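It should be emphasised that the depicted structure is a prediction, and the values quoted were computed from it without experimental measurement. Reminder, nothing fancy here: chain letters follow the sequence lines and each chain counts from 1.
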Amino acid sequence: MTTFADLGLSQKVLSAVTDAGYTTPTPIQAGAIPPALERRDILGIAQTGTGKTASFVLPMLTMLERGRARARMPRTLILEPTRELAAQVHENFEKYGKNHRLNIVLLIGGVSFEEQYRKLERGADVLIATPGRLLDHTERGKLLMTGVELLVIDEADRMLDMGFIPDIERIVKLIPFTRQTLFFSATMPPEIQKLADKFLQNPARIEVAPPSSTAATVTQKLVACSGKDFEKRERLRDLIRSQTDLTNAIIFCNRKKDVADLYKSLEKHGFSVGALHGDMDQRSRTNMLQGFKDNEITLLVASDVAARGLDIPAVSHVFNFDVPIHAEDYVHRIGRTGRAGREGAAFTLVNRRDTKYVDAITKLITRDIEWLDGDKFAGTASDDADEAPRRGRRSDGKPGSSRCSGRKAGETETEAAKAEPINETAAVEPVANASAEPTAAPDAQESRPKRQEPSKRADPQQPKQASPEPANDDRNRNRRGGRNNEDRDPTPVGFGDDIPAFMMIGAGS
DNA sequence: AAAAAAT
């Protein structure tokens, strides 16, 4: 079996890898490291969680041992689509480069230029950047790309999605063609292939983990739910509480505003929760993510900024509060769990308007996703239980609310949730026929848990901390102040103590 | 229809 020692890495790198506890390279590492060390171009087709980052960090460290950087002329450049990913690559360099004395510089937006100038001035062996800030620096004349010997373009397909390709092309034009180029993408649509052909010369092609596949260790469930936000939130809370093996979870929303709203709601209900989306100031983003990684926060409500690439080990659960509109996003989102062969669970809340998106997803992953507990819309009684009757045609006077609230499991009370350990772990693993609660018959069960108003300050599964760390002052102030019209005010409160002006005005979007 | 990224 191949070990790291067989790949041609330097002693310094090997010892750092060993210290980090790794002995066996992943397929992408075993495939990409040797040709990279021979200075070949690489076309790496690999998804997150395959060890992709180390597959370029380790050979780069080895190669950088010779030579040294000159002011404003970085020797290597890594382009990343998001700030978090860039920061994460930076961490990798610190971890595996601990035996080196290299200047690693992170150039991302949302933070001040001054320190970035200073570091560039000292000479960067490795520059890790998001495209916008990098171009900004070059336009200010603080950065020369003419000394770059090695270029990494990471997550190329995502760069494409985000409209970064023109920026990338501009940047690549600034770099001598004698460079070595490592190009990574999770998928290879035609545009990306064209780009690869343009940027790479006779690359070694390494492909692992077919795209649009979901890990076999992830249990996927659909959860029928109303389209009304407050009912969805309640359904989600019940779902979270009914999990017996939840250690931490990411909850995805499609919109930033919904991230903010759900975050507030969960916090109000006593969950240990953080939020992450692109309109938060950088400091809050960093704090939230770190708090989540450090297990100070159990739940992270996020936009798709967190869907790909972020290396958060051992997420036990993913909840899609919204069905992703692009099917590929589903794959990326639930790829946040079940990593490295671990077990994971992914729940997707679905209302009837979402079914076409669900169809697209099942088509993409070429398998059906089971409904939880016999949930389903499928033209049965459940149709009436959903939101349809309420908006639009007359409600036929059914006493019961939607099934969403009707099938509350834990019965709002903490007690219930704790005392009777919901052993029917139905939520997680089993094929769960409708045995426990035939949700398909709303009326039958509707009667029993007369849903009492949203539990007063229920205390779910005893979150470790009510909130992460940022800005309690502002949060509280905002919350009190905005009480009256809080529903109208989409301003994301509580995301740090310096909410940028642009978040205050058109916060709706 | 939405998110990400320079300000």
Look at the side chain of His326(A) against the base of dA1(B) and say whether a donor-acceptor pair falls under 3.5 Å; ignore hydrogens and angles.
yes
Identify whether any heavy atom of Gly110(A) sits under 4.0 Å from a base atom; if not, whether one sits that close to sugar-phosphate; answer base, sugar-phosphate or nothing.
sugar-phosphate
Once side chain to side chain contact (heavy atoms under 4.5 Å, CB included) is applied, do any residues pair with Glu191(A), and if so which ones, sequence neighbours excluded?
Leu160(A), Pro189(A)
Side-chain N,O (Ser303(A)) to OP1/OP2 (dA4(B)) below 4.0 Å
yes
DNA chain B contacts among residues 125-140 of chain A, heavy-atom distance under 4.0 Å:
Thr130(A), Gly132(A), Arg133(A), Asp136(A), Glu139(A)
Short side-chain N/O contact from Arg158(A) to OP1 or OP2 of dA5(B), under 4.0 Å:
no
Length of the line joining Asp157(A):CG and dA4(B):C1', which is rounded to integer Å:
14 Å
Just the rounded figure in Å: distance from C1' of dA6(B) to CG of Asp279(A).
14 Å
Between P on dA5(B) and CG on Asp281(A), what's the gap in Å once rounded to a whole number?
13 Å
Could you list all the side chain to side chain donor-acceptor pair (under 3.5 Å) pairs where at least one residue sits in residues 141-154 of chain A, not counting sequence neighbours?
Lys52(A)-Asp154(A)
Can you measure Asp258(A) atom CG to dA1(B) atom P for me and round it to whole angstrom units?
15 Å
Send over the distance from Phe252(A) CZ to dA2(B) P, rounded to a whole Å.
18 Å
Side chains of residues 122-130 of chain A: which donor-acceptor partners sit under 3.5 Å, not counting sequence neighbours?
| from | atom 1 | to | atom 2 | distance (Å) |
| --- | --- | --- | --- | --- |
| Asp125(A) | OD1 | Arg75(A) | NH1 | 2.8 |
| Asp125(A) | OD2 | Asn103(A) | N | 2.8 |

When you measure from the side chain of Ser272(A) to the backbone N and O of Thr298(A), does any donor-acceptor pair fall under 3.5 Å?
yes
If I take atom CE in residue Met159(A) and atom P in nucleotide dA4(B), what distance separates them, rounded to the nearest angstrom?
16 Å
Asp304(A) has an atom CG; how far is it from atom C1' of dA2(B), in whole Å?
8 Å
Does the side chain of Arg170(A) get closer than 4.0 angstrom to OP1 or OP2 of dA6(B) through an N or O atom?
no
Could you pull out all residues at least two apart from Thr362(A) that satisfy side chain to side chain contact (heavy atoms under 4.5 Å, CB included)?
Val358(A), Asp368(A), Ile369(A)
Examine dA2(B): is either OP1 or OP2 under 4.0 Å from a nitrogen or oxygen in the side chain of Lys257(A)? Give yes or no.
no
dA6(B) P sits how many Å from Asp167(A) CG, rounded?
9 Å
What pairs of residues pass the ring pair (Phe, Tyr, Trp, His ring centres under 6.0 Å) test when at least one of them lies in residues 142-189 of chain A, not counting sequence neighbours?
Phe56(A)-Phe184(A)
Do the charged groups of Asp136(A) and Arg140(A) touch, with an N to O distance under 4.0 Å?
yes
